[in-house]
Amino acid sequence: MCTTCGCGSDGATIDHHHAGHPYVARRRGIAAPAAAAAPGAETGPGRTADAAESAVAASAAAHLRQVSIEQDLLARNDAEAVANRRAFAEAGVFALNLVSSPGSGKTTLLVKTIERLAGRVPVAVIEGDQQTSNDAERIRATGAPATQINTGKGCHLDARMVGDATASLPLARGGLLMIENVGNLVCPAAFDLGEAHKVVILSVTEGEDKPLKYPDMFRAADLMLLNKCDLLPYLQFDVEQAEAYARRVNPDIRIIRVSATSGLGMDEWMEWLAAGASACDAAAPALEQV
Amino acid sequence: MHELSLAESAIALIEDAGRRESFHRVRVVRMEIGALSCVEPEALRFAFESASHGSCAEGARLDILPIPGEGECAACGIRAEMETAYDLCPQCESRPLKVVRGTEMRVKDLDVE
């Protein structure tokens, strides 16, 4: 067990960087799949006669009562996300949840973004991957503080992991918190982390129809960055078609064509980020004189 | 496999209810799952069996109550069934319908003893 925070030993780990020991978030362990042993639900070899069985079932049914629950499966995550959102608003931080397939160029885009914002807008980063801290190390090489969350078998970040990870990150007022989710266009769509916006990154080396294949993610995002546009001359990728598919799924989505490598579109992306960060700064409660 | 996280959330909700309502064994769990939600019912079923292990819902039967997708057109106002979250309005074909039903992922109720 982690002696810093009292977390358990299963599930997701959050790299405390500064402390040099693995942080293990307080998450429930997951048992291996086992055959269900539902009394009365399965008839297998060695069972008693039908009559005896139905007598048992009738006796059990007499003790059954119905309990109303009426709760959303995401209720707990959503409650943690609300707490994160409140903390980000109080800190005056513009938090973004970056989602995409693996290999869309999220980390390179993030590195180039941090380099361009250096000296103007402070950036802190949470990196989510199943394994390795390679991405957090790439971010730290730019000078920005970064925390790596390894989700283990998990396919997405959840609000509690992000809440735990932000505890060890300096969040500067008027700054950005970039949360790079696990590369996956399916699962992260459902999990609110408390971000201001989801930003989906689609690269032109993927198919134009990704927005139709993974509509939940493109519907959940407010901004789409169409990345690697410097490669368009070498590819059969129909930009207008890809953008039309994204707008079919989400008519309100904003789209910026970018290339982290050539710099194309990066000014527009920087403007969008700076505007969001200054709006969060302006909306945050006045700094208290202590 | 976000269904595993969702199944774990369901078990947590059920165990909370068990403490509140003083039951120790769950026989049937009824969940409402919308056609436009991000849940694959068979994956949820598999995940539920795994996540329920060692809980008061271990061995419980999971009944999934499907809820069809339904949307409304912002332009002409008609309501129509939706198969995908980006179905166009069948009448005016101007914009995707706005989803009004079918994204539910809820634990509805339980049979307990």
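In this view, B/D87 satisfies the salt bridge (charged side-chain N to carboxylate O under 4.0 Å, His left out) rule with no residue, not counting sequence neighbours. Applying the side-chain contact (heavy atoms from CB on, under 4.5 Å) criterion to A/N84, with sequence neighbours excluded, gives A/F88, A/A159, A/V162.
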Pairs of donor and acceptor atoms involving the side chains of residues 218-225 of chain A, under 3.5 Å and at least two apart or interchain, shall be tabulated with distances.
from	atom 1	to	atom 2	distance (Å)
A/D222	OD2	A/H197	ND1	2.8

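Closest approach of A/L212 and B/Y86 over heavy atoms only: O-OH, 3.5 Å.
Summarising the geometry, atom OG belonging to B/S5 is positioned 13.0 Å from atom CZ belonging to A/R76; distances are rounded to the nearest 0.5 Å. Note that CG of B/L36 and CG of A/D216 are 8.5 Å apart. Values are rounded to the nearest 0.5 Å. We find the SG-OH distance between B/C38 and A/Y214 to be 14.5 Å, quoted to the nearest 0.5 Å. Expressed to the nearest 0.5 Å, how far CE of B/M31 lies from CD1 of A/I69 amounts to 10.5 Å.
Both the backbone and the side chain of A/D72 come within contact range of chain B, with heavy atoms under 4.5 Å apart. Only the side chain of B/V99 comes within less than 4.5 Å of a heavy atom in chain A; its backbone stays farther off.
Identified by a heavy-atom distance below 4.5 Å to chain B, the contributing residues of residues 243-250 of chain A are A/R248, A/V249, in residue-number order.
Residues B/F23 and A/L64 fail the side-chain proximity criterion, which asks for heavy atoms closer than 4.5 Å. Inter-residue side-chain proximity for B/R106 and A/E70 is flagged as met; some heavy-atom pair is nearer than 4.5 Å.
A salt bridge does not link B/D109 with A/R65: none of the charged nitrogens is closer than 4.0 Å to a carboxylate oxygen.
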